[in-house]
J.: 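This is the structure I want to talk about, given as structure tokens.
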Amino acid sequence: MDVVSFTRPDRDNVDQLAIRAALYDTLRDAFEDSGIPWRQTVREDRGDGVLIFVSAEVSKVLLLGPMPARLAELLERGNTGRTTRQRFRLRVAVHAGEVHHDAHGYAGYDVNLAFRLVDARPLREAMEHSAAAVGLVVSEGVHDGVLRHGYGGLDAAAFEQVRVQVKSADVPGWIQLFASGAVLPVPRQVARSVPGTEPDGGSGNGDGLGGGLGSGIGRGDEGPVAVLLADEASLLDELAGLGVRTVVLVGGAAGLAAGLAPIVRQPIYVDHEFIE
């Protein structure tokens, strides 16, 4: 997990040290209060955050439900007594996998992926455009193995699927925001697209509208799909009435992208179309 904007210009060393001390105190209390013994965790400090390894004996349900909610509650309570520069918020990633330990610390693909998730642009944007104290992102493995089954009363529908593209990673993630003892809606400014491969001859438009034509198409949980070939603003009203969730913009229809945000879950742009 990382502290949001830890190194912002108005914070000096005294502020950063105070935040780090408060971070560990808050984490310990949040874990203990959520039924996760702090002694069963291994921590590796990261300066502006901390990498926490939790025993396999601990249910992942606790990491997805009670822990982030309690963390947000304790964080907000503590912030009321801190100076403005020492108030802080957190981005948290939950992932499970294989970890290697050597004389220098912990390493491996799954450690790298955890860092990619917590650094994901959609999570950063969600925190930027909301008052959330804690932003949580869950990996595909944890989602498929735990979250989507509703174990422990977890509500998968309360998470928003996003696309995580950081360095070599291009994977799906699921985010949830916490503040004031409640789950907050994910801001519309957050790009909500899922990974997909581009078809031969197609390409993205370069401004975050998603992957290729295959992204999200044919998925029963995405809702109706529409393909737009022309830049006609009147089409937006028709899409809203039909409940379309995924829109494929072909060629000149790219101009409609800005107007789609309040309507659809996933706009996709294809530069070329080939018809036999």
Side-chain angles (χ1 to χ4, degrees), residues 1-11 15-36 38 41-54 58 60-96 111 113-139 142 147 154 158-160 162 164 166 173-187 189-190:
M1 59 186 68
D2 280 350
V3 174
V4 175
S5 301
F6 181 73
T7 59
R8 72 188 198 206
D10 65 320
R11 285 176 172 155
D15 297 321
Q16 293 183 3
L17 288 172
I19 290 172
R20 283 168 49 80
L23 169 64
Y24 279 93
D25 288 343
T26 305
L27 286 172
R28 181 193 63 241
D29 292 344
F31 272 65
E32 291 284 353
D33 293 351
S34 303
I36 306 172
W38 192 239
T41 67
V42 176
R43 284 87 61 188
E44 186 174 272
D45 188 77
R46 292 285 168 161
D48 62 347
V50 56
L51 176 62
I52 302 177
F53 299 95
V54 180
V58 175
K60 296 180 184 66
V61 171
L62 300 179
L63 292 169
L64 299 180
M67 192 282 290
R70 181 59 174 161
L71 180 60
E73 182 181 0
L74 291 174
L75 187 53
E76 289 180 314
R77 183 185 303 172
N79 279 342
T80 61
R82 300 183 185 112
T83 64
T84 301
R85 297 193 320 198
Q86 294 179 9
R87 295 170 186 164
F88 65 99
R89 303 185 298 154
L90 292 171
R91 298 193 312 276
V92 179
V94 175
H95 177 52
V111 174
L113 181 56
F115 286 124
R116 303 295 180 258
L117 288 167
V118 82
D119 200 37
R121 179 178 176 182
L123 182 59
R124 287 179 174 274
E125 291 182 344
M127 295 296 287
E128 179 182 351
H129 295 290
S130 78
V134 171
L136 171 68
V137 59
V138 177
S139 71
V142 173
L147 183 59
L154 292 172
F159 288 72
E160 184 71 48
V162 297
V164 175
V166 183
W174 283 260
I175 64 177
Q176 191 174 52
L177 306 177
F178 297 86
S180 304
V183 174
L184 300 182
V186 175
Q189 291 92 331
V190 178

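We number each residue from 1, following the sequence as shown. As a basis for the values below, the full set of heavy atoms in this structure was taken, side chains included, without hydrogen atoms, waters or symmetry mates.
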J.: Grab the two heavy atoms, one from Pro187 and one from His129, that are nearest each other, plus how far apart they are.
T.: CG-O, 3.6 Å
J.: At their closest point, which heavy atom of Arg89 faces which heavy atom of Leu75, and how far apart are they?
T.: CA-CD2, 3.8 Å
J.: Restricting to non-hydrogen atoms, name the atom on Leu62 and the atom on Pro68 that form the minimum distance, rounded to 0.1 Å.
T.: O-CD, 4.2 Å
J.: Determine yes or no for a side-chain-to-main-chain donor-acceptor pair under 3.5 angstrom, with Arg91 supplying the side chain and Arg124 the backbone.
T.: no
J.: Who pairs with Glu76 by side chain to side chain donor-acceptor pair (under 3.5 Å), at least two apart in sequence or on another chain?
T.: none
J.: So, do Val50 and Met1 sit near enough that their side-chain heavy atoms are less than 4.5 Å apart?
T.: yes
J.: Report yes if some heavy atom in the side chain of Phe178 is under 4.5 Å from a heavy atom in the side chain of Val183; otherwise report no.
T.: yes
J.: How about Leu177 and Met127: do any of their side-chain heavy atoms sit closer than 4.5 Å?
T.: yes
J.: Quick check for you: to the nearest 0.5 Å, what is the distance between Ile19 atom CD1 and Ser5 atom OG?
T.: 10.0 Å
J.: Tell me every residue that passes ring pair (Phe, Tyr, Trp, His ring centres under 6.0 Å) with Phe6, counting only those two or more places apart in sequence or in another chain.
T.: none
J.: Does the side chain of Val54 reach to within under 4.5 Å of the side chain of Ile36, using non-hydrogen atoms?
T.: yes
J.: Any donor-acceptor pair under 3.5 Å linking the side chain of Arg87 with the backbone of Thr80?
T.: no
J.: Taking side chain to side chain donor-acceptor pair (under 3.5 Å) as the definition, give me every residue that meets it alongside Asp45, ordered by chain and number, with sequence neighbours left out.
T.: Arg20, Tyr24
J.: So, does Arg70 use its side chain to make a donor-acceptor pair with the main chain of Asp33 at under 3.5 Å?
T.: no
J.: Which atoms form the tightest heavy-atom contact between Ala131 and Ala179, and what is the distance?
T.: O-CB, 3.9 Å
J.: Surrounding CZ of Arg121 (heavy atoms of other residues, nucleotides or ligands, distance under 6.0 Å), is the total greater than 12?
T.: no
J.: Nearest heavy-atom pair of Leu123 and Gly135: which atoms, and what distance?
T.: CD1-C, 3.8 Å
J.: Sequence neighbours excluded, which residues qualify as ring pair (Phe, Tyr, Trp, His ring centres under 6.0 Å) partners of Phe31?
T.: Trp38
J.: For a 4.5 angstrom cut-off between non-hydrogen side-chain atoms, does Phe53 reach Val111?
T.: yes
J.: Output, in order, the C-alpha distance, side-chain angles, deciding distance and verdict of side chain to side chain contact (heavy atoms under 4.5 Å, CB included) for Val3 and Leu90.
T.: CA-CA 5 Å; Val3 174; Leu90 292 171; 3.8 Å; yes
J.: Drop me the distance from Arg8's CZ to Asp15's CG, to the nearest 0.5 angstrom.
T.: 8.0 Å
J.: Taking all atoms of both residues into account, what is the closest heavy-atom pair of His95 and Leu117, and its distance?
T.: CB-CD1, 4.2 Å
J.: Answer yes when Asp10 and Arg85 have at least one side-chain N-carboxylate O distance shorter than 4.0 Å, and no when they do not.
T.: no
J.: Taking side chain to side chain donor-acceptor pair (under 3.5 Å) as the definition, give me every residue that meets it alongside Arg11, ordered by chain and number, with sequence neighbours left out.
T.: none
J.: So Ile52 and Val42, do their side chains get closer than 4.5 Å, heavy atoms only?
T.: no
J.: Any side-chain donor-acceptor pair under 3.5 Å between Thr26 and Arg28?
T.: no
J.: Return yes if some donor-acceptor pair links the side-chain N/O of Ser130 with the main-chain N/O of Ala132 below 3.5 Å, else return no.
T.: yes
J.: Mind checking whether Ile175 and Leu136 have side chains closer than 4.5 Å, heavy atoms only?
T.: no
J.: Could you tell me which residues satisfy side chain to side chain donor-acceptor pair (under 3.5 Å) with Glu44, sequence neighbours excluded, listed by chain and number?
T.: Arg46
J.: Is the shortest heavy-atom distance from the side chain of Arg82 to the side chain of Phe88 under 4.5 Å?
T.: yes
